[in-house]
Visitor: 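Take a look at this one; I'll ask things after.
Just the heavy atoms: all of them, side chains too, but no hydrogens, waters or symmetry mates, feed the values below. All of these numbers come straight from a predicted model, not from anything done at the bench. Residue numbers start from 1 in every chain, and the chains themselves are labelled A, B, ... in the order their sequence lines are given, proteins ahead of strands.
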Protein chains: 2
Amino acid sequence: METVERLIRSTQELLWERGYVGTSPKAIQRAADAGQGSMYHHFTGKAQLARAAIERSGAELREAAEDQLSGSGTATERITDYLERDREVLRGCRIGRLTSDPDVMADPELRQPIDETFTWLRARLAEIVAEGKRNGEYPGSLDPEQTAATIAAVLQGGYVLARAAGSVEPFELAVKGLINLLPEATK
Amino acid sequence: METVERLIRSTQELLWERGYVGTSPKAIQRAADAGQGSMYHHFTGKAQLARAAIERSGAELREAAEDQLSGSGTATERITDYLERDREVLRGCRIGRLTSDPDVMADPELRQPIDETFTWLRARLAEIVAEGKRNGEYPGSLDPEQTAATIAAVLQGGYVLARAAGSVEPFELAVKGLINLLPEATK
DNA sequence: GTCTATAGGAAGATAGAC
DNA sequence: GTCTATCTTCCTATAGAC
């Protein structure tokens, strides 16, 4: 694999595990098996490399979500598939975790791809809820944007609770609790 | 205010804003207006001081939650009061944000008070849901532990989405979406 | 493209004076 | 209890050779 690619992937991993503040250029170089000069030849510095890594992770998150969300089946089926997909729960969300990184939030270049990822996700979920309403699967009282935000929040919050507990259990409880709250098909 | 107290409170603020990895002893000393020697006289180091600060923040979170959760009113009223309480949404949760800090998660002494805080919160919310079931406010099909985890997750995830967006809107959408999903009183 | 050398500053303490 | 000095290592680059 080329150096640039190794640098980006190593940065993705380190950002996921340690965040931006907790990741040093030296650690990236070690993980990518690239030298100091090599890294600074391809990127202006840590920030630019992080930007590339975050964009990549955002694209991967969208693709992975689309796998379940674009399936056939009812709205609830697709949402349930998405919620119950295999996830590395205890590692947290590689995008969501960056929202607690002060240097990421302070730099618009770094925050933008995070914003775009979640904005896309909420819009995509809202579309599916809206489809469910049109099908008569959901009642007219269900607000697509609100419900979409709730679904995305349960996942992000589920990660937080699971990591706090050191166990996937709270994540799974939260997801099941949400699925039970979703309206039954109004056949 | 005494030095120890200023050190703890300054550490609470810095952990909230910058996390553990992003907070240096020097920054704490500056914020607390305390010298190097003073800080190391009262605490063995950054970790011990952080532990004290996290315990304090956890206690404050529990007290604040209890304000709404121990009120009179139906289960849904109390849960809604809790969800809709004034919060500094864009600052995130001072406890939840620490779950993305690698050095906090790696140190059992630091993770413990976080675990305890959320375990308490979920149990407290589950009690209220269980009360709602006994009153006939909620159907027998509602699982208290699941629903409690969902409620806690919506808040934690709401913070994440809001910070990603740089706006409180997603938080408020997620909360409203959840409230709409909670069962109507089965009068 | 990649490597080594160098650099100013911060991180996280420890030691001993006052 | 608090202050200043000192220490080692790491951080984030930049410069210039190969």
Visitor: Do any side-chain atoms of residues 38-50 of chain B form donor-acceptor pairs under 3.5 angstrom with protein atoms, and if so which ones, sequence neighbours left out?
Guide:
| residue | atom | partner | partner atom | Å |
| --- | --- | --- | --- | --- |
| B/Lys46 | NZ | B/Tyr20 | O | 2.9 |
| B/Lys46 | NZ | B/Thr23 | O | 2.8 |
| B/Gln48 | OE1 | B/Thr44 | N | 3.0 |

Visitor: Considering residues at least two apart in sequence or located in another chain, which fulfil the salt bridge (charged side-chain N to carboxylate O under 4.0 Å, His left out) criterion with B/Glu172?
Guide: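 Partners of B/Glu172 under the salt bridge (charged side-chain N to carboxylate O under 4.0 Å, His left out) test: none.
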
Visitor: Going 5' to 3' along DNA chain C, which are the first and last nucleotides with any atom under 4.0 Å from a heavy atom of chain B?
Guide: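 Nucleotide range in contact with chain B: C/dA11 to C/dT14.
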
Visitor: For B/Arg9, enumerate each residue passing the salt bridge (charged side-chain N to carboxylate O under 4.0 Å, His left out) test, keeping only those at least two apart in sequence or located in another chain.
Guide: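 Counting only residues at least two positions away or on another chain, B/Arg9 forms a salt bridge (charged side-chain N to carboxylate O under 4.0 Å, His left out) with B/Glu5.
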
Visitor: A/Arg124: what forms a salt bridge (charged side-chain N to carboxylate O under 4.0 Å, His left out) with it, not counting sequence neighbours?
Guide: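 Per chain and number, A/Arg124 pairs via salt bridge (charged side-chain N to carboxylate O under 4.0 Å, His left out) with A/Glu66, A/Glu127.
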
Visitor: Which residue pairs pass the side-chain hydrogen bond (donor to acceptor under 3.5 Å, both in side chains) test when at least one of the two sits in residues 72-82 of chain B, sequence neighbours left out?
Guide: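 Those involving residues 72-82 of chain B are B/Thr74-B/Glu137, B/Thr76-B/Glu137, B/Thr76-B/Tyr138, B/Arg78-B/Glu131.
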
Visitor: Output the rest of the hydrophobic cluster of B/Val21: all Ile, Leu, Val, Met, Phe, Trp and Tyr residues reachable through side-chain heavy-atom contacts under 4.5 Å, sorted by chain and number.
Guide: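 Grouped by the 4.5 Å side-chain rule, A/Val21 form the rest of the cluster around B/Val21.
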
Visitor: Using the ring of A/Trp16 (Phe, Tyr or Trp, six-membered ring only), decide whether A/Arg91 places NZ or CZ under 6.0 Å from its centre and within 45 degrees of its axis.
Guide: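 Yes, cation above the ring, under 6.0 Å and within 45°.
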
Visitor: Tell me which residues in residues 34-46 of chain B lie within less than 4.0 Å of DNA chain C, going by non-hydrogen atoms.
Guide: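 Residues of residues 34-46 of chain B that come under 4.0 Å of DNA chain C are, in numerical order, B/Gln36, B/Tyr40, B/Lys46.
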
Visitor: Residues in ring-ring contact (aromatic ring centres under 6.0 Å, His included) with A/Phe171, at least two apart?
Guide: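 With neighbours one apart ignored, the set is A/Tyr159.
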
Visitor: Does any residue of residues 16-30 of chain B have a heavy atom under 4.0 Å from DNA chain C, and if so, which ones, in number order?
Guide: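 Residues of residues 16-30 of chain B under 4.0 Å from DNA chain C: B/Thr23, B/Ser24, B/Pro25.
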
Visitor: So which pairs with a foot in residues 25-37 of chain B pass side-chain hydrogen bond (donor to acceptor under 3.5 Å, both in side chains), sequence neighbours left out?
Guide: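 Output for this query lists B/Gln29-B/Gln36.
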
Visitor: Mind checking what makes salt bridge (charged side-chain N to carboxylate O under 4.0 Å, His left out) contact with A/Arg87, not counting sequence neighbours?
Guide: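 If we apply the salt bridge (charged side-chain N to carboxylate O under 4.0 Å, His left out) test to A/Arg87, skipping adjacent residues, there are no hits.
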
